[in-house]
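Everything below concerns the one structure shown next.
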Amino acid sequence: MFVVTGATGNVGRSLVQALAAAGAQVTATSRGISDADVPEGVRYTRADLVEPESLRPVFDGADALFLQSGGPSAHLLRPQDILDVAKAGGVGRVVLLSSQGVATRPHSAAHGDLGRSIEVAVEQSGLDWTILRPGGFDSNAYAWAESVRTRRTAAAPFADIGLPTIDPDDIAEVAATALREDGHAGRTYELTGPALSTPRRRAETIAGVLGEPVRFIEQSRDEARAHMLRFMPEPVVESTLTILGEPTPAEQRISPDVERLLGRAPRTFADWAQRHIAAFR
């Protein structure tokens with residue numbers, strides 16, 4: 001049985017669907033999950049990663065765990081406690097959703113220090129482990145959904161700086177592969193899209209799928225910072241803006257790992273936009 005934490009998120013939701021479609025027994029968990037969030041036949045349980053004891057009934061009888069690294073609550077996690085509870089429930093394999101920034105920004109409090117501490121707990125857990133380090137998500141474009149729907153505008157800083165953003169469905173498929181198949185223990189995979197993608201180009205792609213113009217507005221760093229501080233902690237905002245505006249060569253590198261693991265090229269941003277355009281109409 002597979003346990004998927006963060007099961008209502010962009011990656012977790014797709015992973016639950018992929019495992020269920022393959023006929024696997026799945027338990028989906030998050031703080032606010034309901035039957036509307038999971039396919040028919042999938043067990044779901046509300047639990048909170050920041051409260052490891054709440055996970056005991058989730059892990060009972062489980063074989064493998066997909067562990068998302070906490071998102072905005074990552075600094076509150078006690079990863080060793082989570083993994084101890086998982087082992088007590090029978091889990092023998094864990095796939096961790098980490099971040100590319102653990103490697104590319106090792107001295108960043110938001111990405112390197114915190115993310116690496118979670119990775120180390122997984123590596124030292126005694127479980128068979130696999131670590132996934134994606135870069136930016138295509139689904140970050142959801143931040144434009146309201147402005148595109150109501151004003152046909154999209155705003156972002158660093159309009160023409162490209163990063164190889166990745167479709168969350170590709171991350172989910174890689175996670176399903178690592179959970180279900182042998183041969184991935186002790187491996188760390190860097191996950192990117194197939195090409196560099198700029199904010200301006202992503203807005204143009206959404207406009208093309210909509211069949212209507214979308215005006216792109218380039219924000220200054222200060223404008224973007226003020227907006228992001230409404231929903232992200234300051235260290236995360238500062239680190240994210242640095243990655244967006246001053247990416248390292250490693251952060252702009254196209255990784256071969258998705259294609260090597262899935263036997264096909266990663267999906268493009270246009271693929272993602274086609275599937276999710278209803279959010280922007």
Side-chain angles (χ1 to χ4, degrees), residues 1-35 37-99 102 113-134 171-189:
M1 189 259 285
F2 300 98
V3 171
V4 177
T5 66
T8 56
N10 289 314
V11 175
R13 187 184 299 271
S14 293
L15 176 57
V16 168
Q17 293 170 347
L19 291 172
Q25 185 180 2
V26 184
T27 294
T29 185
S30 73
R31 279 183 294 225
I33 198 166
S34 70
D35 57 359
D37 296 311
V38 298
E40 185 176 354
V42 170
R43 175 188 174 215
Y44 67 92
T45 304
R46 292 183 183 180
D48 193 335
L49 284 175
V50 303
E51 298 175 7
E53 286 301 315
S54 73
L55 295 163
R56 285 198 182 275
V58 179
F59 292 143
D60 188 27
D63 303 301
L65 165 65
F66 174 75
L67 179 62
Q68 62 100 357
S69 56
S73 301
H75 64 291
L76 300 175
L77 293 188
R78 302 193 306 276
Q80 190 57 62
D81 291 346
I82 295 171
L83 294 162
D84 286 345
V85 172
K87 286 199 304 185
V91 170
R93 176 177 295 178
V94 57
V95 174
L96 173 68
L97 179 61
S98 185
S99 168
V102 171
D113 292 345
L114 178 58
R116 183 57 189 151
S117 70
I118 297 172
E119 289 189 358
V120 168
V122 167
E123 292 168 357
Q124 296 178 352
S125 66
L127 302 172
D128 287 343
W129 57 266
T130 306
I131 294 172
L132 310 183
R133 289 178 177 169
I171 303 172
E173 287 190 36
V174 169
T177 298
L179 286 167
R180 298 179 64 224
E181 298 178 2
D182 294 332
H184 303 286
R187 303 294 299 272
T188 297
Y189 297 122

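Position 1 is the first residue of the sequence; numbering continues from there.
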*Can I171 and L97 be said to form a side-chain contact (heavy atoms from CB on, under 4.5 Å), step by step?*
CA-CA 9 Å; I171 303 172; L97 179 61; 3.8 Å; yes
*asked:* Checking V102 against E119 for the side-chain contact (heavy atoms from CB on, under 4.5 Å) test, could you report, in this order, the C-alpha distance in whole Å, the side-chain angles of both residues, the deciding distance, and whether it holds?
replied: CA-CA 9 Å; V102 171; E119 289 189 358; 3.5 Å; yes
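Summarising the geometry, atom CZ belonging to R180 is positioned 7.0 Å from atom CG belonging to L19; distances are rounded to the nearest 0.5 Å. With rounding to the nearest 0.5 angstrom, the OG atom of S98 is 8.5 Å from the CZ atom of R116. Separating the CZ atom in R133 from the OG atom in S69 is a distance of 11.5 Å, to the nearest 0.5 Å. Of the inter-residue distances, the one linking L65 atom CG with L83 atom CG reads 7.0 Å to the nearest 0.5 angstrom. With rounding to the nearest 0.5 Å, the separation of CG in L67 from CD1 in I131 is 10.5 Å. One distance of note links CG of L132 with CG of L96; it measures 7.5 Å at 0.5 Å rounding.
Side chain of R93 to backbone of D63: no donor-acceptor contact under 3.5 angstrom is found. Between the side chain of T130 and the backbone N or O of H184 there is at least one donor-acceptor pair closer than 3.5 Å. Although no hydrogens or angles enter the test, the distance criterion places no donor-acceptor pair under 3.5 Å between the side chain of T29 and the main chain of T5. Side-chain atoms of S117 come within 3.5 Å of backbone atoms of L114 as a donor-acceptor pair (strictly under, hydrogens ignored).
Taking R13 as the reference, D37 meet the salt bridge (Lys or Arg N to Asp or Glu O under 4.0 Å) condition, with sequence neighbours excluded. Scored by the side-chain hydrogen bond (donor to acceptor under 3.5 Å, both in side chains) test, D84 finds Q80 as partners (sequence neighbours excluded).
Test Y189, F2, W129, F66 against V95 for side-chain contact (heavy atoms from CB on, under 4.5 Å) and you get one pass: F66.
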